[in-house]
Number of protein chains: 2
Amino acid sequence: MTSENGAVPVWARPPAGRRTTLSREAIVAAAVAVADAEGLAAVSIRRVAAELGARAMSLYTYIERKEDLLDLMADEVIAEAHVAEPLPSDWREATMTIARSERAAVRHHPWLVELISRREAVGPNGLRHLEQSVAALSGLGLDRAATLRILAAVGDYTRGFILREHNAADPRRTAAVDRYFKERVGTGAYPHLEPMFRDGVPEQEDTFEIGLTWLLNGIAAGLDREESP
Amino acid sequence: MTSENGAVPVWARPPAGRRTTLSREAIVAAAVAVADAEGLAAVSIRRVAAELGARAMSLYTYIERKEDLLDLMADEVIAEAHVAEPLPSDWREATMTIARSERAAVRHHPWLVELISRREAVGPNGLRHLEQSVAALSGLGLDRAATLRILAAVGDYTRGFILREHNAADPRRTAAVDRYFKERVGTGAYPHLEPMFRDGVPEQEDTFEIGLTWLLNGIAAGLDREESP
DNA sequence: GGGTCCTCCCGTACGCTGTATCGCTTCTCC
DNA sequence: GGAGAAGCGATACAGCGTACGGGAGGACCC
């Protein structure tokens, strides 16, 4: 039955079925393995089924559509972003630890970027991650709106960085793009870019913590200002 | 000829052909129109060709693969992020203006998010945008590495925010996801989330400028510290 | 003016995708 | 032991990107 509850998130729907050889867990695990080995594009229903010695349509006993599988995959590996408790007591250190952990999870499963950039992560593990992010700020005694603002800003920066890092690592677009870039810049049409990139695109340093520290400093300054005007 | 220069960015390759009815510009314009009206998923080679009264394979005279078309589309609409000169003289105001403009362009063409999150924007218009971002910081007299750090941080935050904003607006995943969210949180498994979301997910305020201001404040503080230690 | 070549355009075809539909088999429960 | 449910899958369909090869027609040279 292709039921009418397509609007209900996967996790809220029971697998429905007397499982034997297949299972939702096995399907997700197989899909994650394929993605890890060959990228997200290699994850097709037929391919995952083959990996389990089954046929394509058998998977549809456990998921309703491929999007469900992608949701489950994302939630599966976002679990790796969980930080061992207890969190550092300082909110900035705690927030930074969580952000680092999120980045590490994505580095371990690069395809996660393509999923995160398409959907909100609100599966069980995604919620645990969110819970931890809120916990990191709990010592500040802020109200709900203020907490959400900080959470959003830190999360936005983190995901933006992760995205750029991921795209920059794409082997298809580096050498040739750099060459084109240098050539265009050399035309003189970009006066400010020219002195910066005359010798090509420099090796990027790892600026993740620098930017995050700037942001946290700015947030901290805002908090001080509120407390002691 | 499916030439061997697939590694060269589209913009560097001449269209090659005695154009008559079709042209690269017309193809890109048609593709943008389809994406604006029906989303990026509706942009298929066959569909764009039909829009121009042509057959699918005709487009391949002007592009080598669909990815090229997507690159061209992204660069086409990122032009809207260009800010009318002169830029505000204050670097923070200038940076903020550019970031606002980037956000506005994406709001005007939501599908741009799906492209930006997949590739670096380095077409002619993307470079103009980058040029402006560098120009905004030129008054600070920083060296290349310091400029790039600030550029990266601001860009990461901006794109992270835009991404979240885009995903949150997805009509498919709001009501049902919220319901599931509330139910899970109600189980008591998430002690820090519970007091925050007991009554459901609150209406989000627009925090774009708040977060960006935090980041810029943090950057400014870092600059002061360097100047007068 | 006639031949040659280059380029636009596209008909056809291939391998791939997600998934609707329906039927078979096997297990569970009364 | 009969009935119903549930796992599994064969088949099929519409759609995708694009490789290949051919026809049409303008541009150029002799």
Side-chain angles (χ1 to χ4, degrees), chain A residues 1-7 10 13-28 30-31 34-35 38-73 111 114-115 118-119 172, chain B residues 1-7 10 13-28 30-31 34-35 38-73 111 114-115 118-119 172:
Chain A
M1 190 195 337
T2 314
S3 70
E4 67 293 335
N5 60 358
V10 222
R13 279 174 267 150
R18 161 203 58 172
R19 76 225 42 199
T20 56
T21 60
L22 262 45
S23 73
R24 193 181 264 189
E25 295 74 24
I27 292 170
V28 172
V34 170
E38 302 169 44
L40 196 61
V43 177
S44 74
I45 295 289
R46 275 173 247 256
R47 174 63 196 279
V48 172
E51 214 72 26
L52 295 164
R55 306 287 148 253
M57 293 314 292
S58 307
L59 303 201
Y60 285 90
T61 306
Y62 300 91
I63 58 171
E64 261 178 36
R65 56 187 73 78
K66 192 192 179 185
E67 281 288 295
D68 289 355
L69 178 55
L70 298 179
D71 283 340
L72 290 165
M73 289 170 69
W111 47 270
E114 296 163 57
L115 294 184
R118 266 210 304 252
R119 67 198 75 240
R172 289 196 322 273
Chain B
M1 192 195 332
T2 313
S3 71
E4 67 294 335
N5 60 358
V10 222
R13 279 173 267 151
R18 160 203 62 173
R19 78 225 43 203
T20 56
T21 61
L22 263 43
S23 73
R24 194 181 263 190
E25 294 73 26
I27 292 170
V28 173
V34 170
E38 303 170 43
L40 196 61
V43 177
S44 74
I45 295 290
R46 275 172 247 253
R47 174 63 195 279
V48 172
E51 215 71 28
L52 295 165
R55 307 286 147 250
M57 293 314 292
S58 307
L59 303 202
Y60 285 91
T61 306
Y62 301 90
I63 57 171
E64 259 177 36
R65 57 188 74 77
K66 192 191 178 186
E67 282 289 296
D68 289 353
L69 177 55
L70 298 179
D71 283 340
L72 291 165
M73 290 171 69
W111 48 269
E114 296 163 57
L115 294 184
R118 267 210 302 254
R119 68 197 75 240
R172 289 197 322 275

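Worth knowing before you read on, the calculation uses all heavy atoms, side chains too, and leaves out hydrogens, waters and symmetry mates. First the proteins, then the strands, lettered A, B, ... as listed; each starts at 1.
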Item to check | Interatomic distance where CG belongs to B:Asp68 and P belongs to D:dG17 [whole Å] | outcome: 13 Å
Checklist entry - In whole angstroms, how far is the C1' atom of D:dC8 from the CD1 atom of A:Ile27? => result 11 Å
Checklist entry - Near DNA chain D, which residues from residues 52-59 of chain A have a heavy atom under 4.0 Å away? => result A:Ala54, A:Arg55, A:Met57, A:Ser58
Checklist entry - Does the pair A:Arg118/A:Glu114 count as a salt bridge with the N-to-O cut at 4.0 Å? => result no
Item to check | Distance test, side-chain N/O of A:Tyr60 to OP1/OP2 of C:dG18, below 4.0 Å | outcome: no
Next on the checklist: Show, in sequence, the C-alpha distance, side-chain angles and deciding distance for A:Leu40 and A:Leu70, and conclude whether the side chain to side chain contact (heavy atoms under 4.5 Å, CB included) test is met.
Outcome noted: CA-CA 9 Å; A:Leu40 196 61; A:Leu70 298 179; 4.2 Å; yes
Checklist entry - Does the side chain to side chain contact (heavy atoms under 4.5 Å, CB included) test come out yes or no for A:Thr61 and A:Leu22, once each step is laid out? => result CA-CA 9 Å; A:Thr61 306; A:Leu22 262 45; over 6 Å; no
Checklist outcome for this item: Shortest non-hydrogen pair, A:Ala30 vs A:Val48, comes out as CB-CG1, 4.1 Å
Item to check | side-chain contact (heavy atoms from CB on, under 4.5 Å) against A:Ala26, all qualifying residues, sequence neighbours excluded | outcome: A:Ser23, A:Leu52
Checklist entry - For A:Arg46, what residues pass the side-chain contact (heavy atoms from CB on, under 4.5 Å) criterion, not counting sequence neighbours? => result A:Ser44, A:Ala56
Item to check | Donor-acceptor pair under 3.5 Å, A:Arg65 side chain vs C:dG18 base | outcome: no
Checklist entry - Can you tell me how far P of D:dG17 sits from CG of B:Leu40, to the nearest Å? => result 11 Å
Item to check | Whole-Å distance separating the CZ atom of A:Arg47 from the P atom of C:dG18 | outcome: 12 Å
Checklist entry - Which whole-number value in Å describes the distance from B:Leu70 CG to D:dC16 P? => result 14 Å
Item to check | Whole-Å distance separating the CD atom of B:Glu38 from the C1' atom of D:dG15 | outcome: 15 Å
Checklist outcome for this item: Looking only at C:dT17, D:dG17, C:dC9, the nucleotide nearest the B:Arg46 side chain is D:dG17
Next on the checklist: Applying side chain to side chain contact (heavy atoms under 4.5 Å, CB included) to B:Ile63 and B:Leu72, what does each step give before you reach the verdict?
Outcome noted: CA-CA 10 Å; B:Ile63 57 171; B:Leu72 291 165; 4.0 Å; yes
Item to check | Atom pair distance, as rounded to whole Å: CG in A:Leu22 and P in C:dC27 | outcome: 16 Å
Item to check | Nucleotide nearest B:Lys66 when distance is taken to its side chain, options D:dG17, C:dG18, C:dC9 | outcome: D:dG17
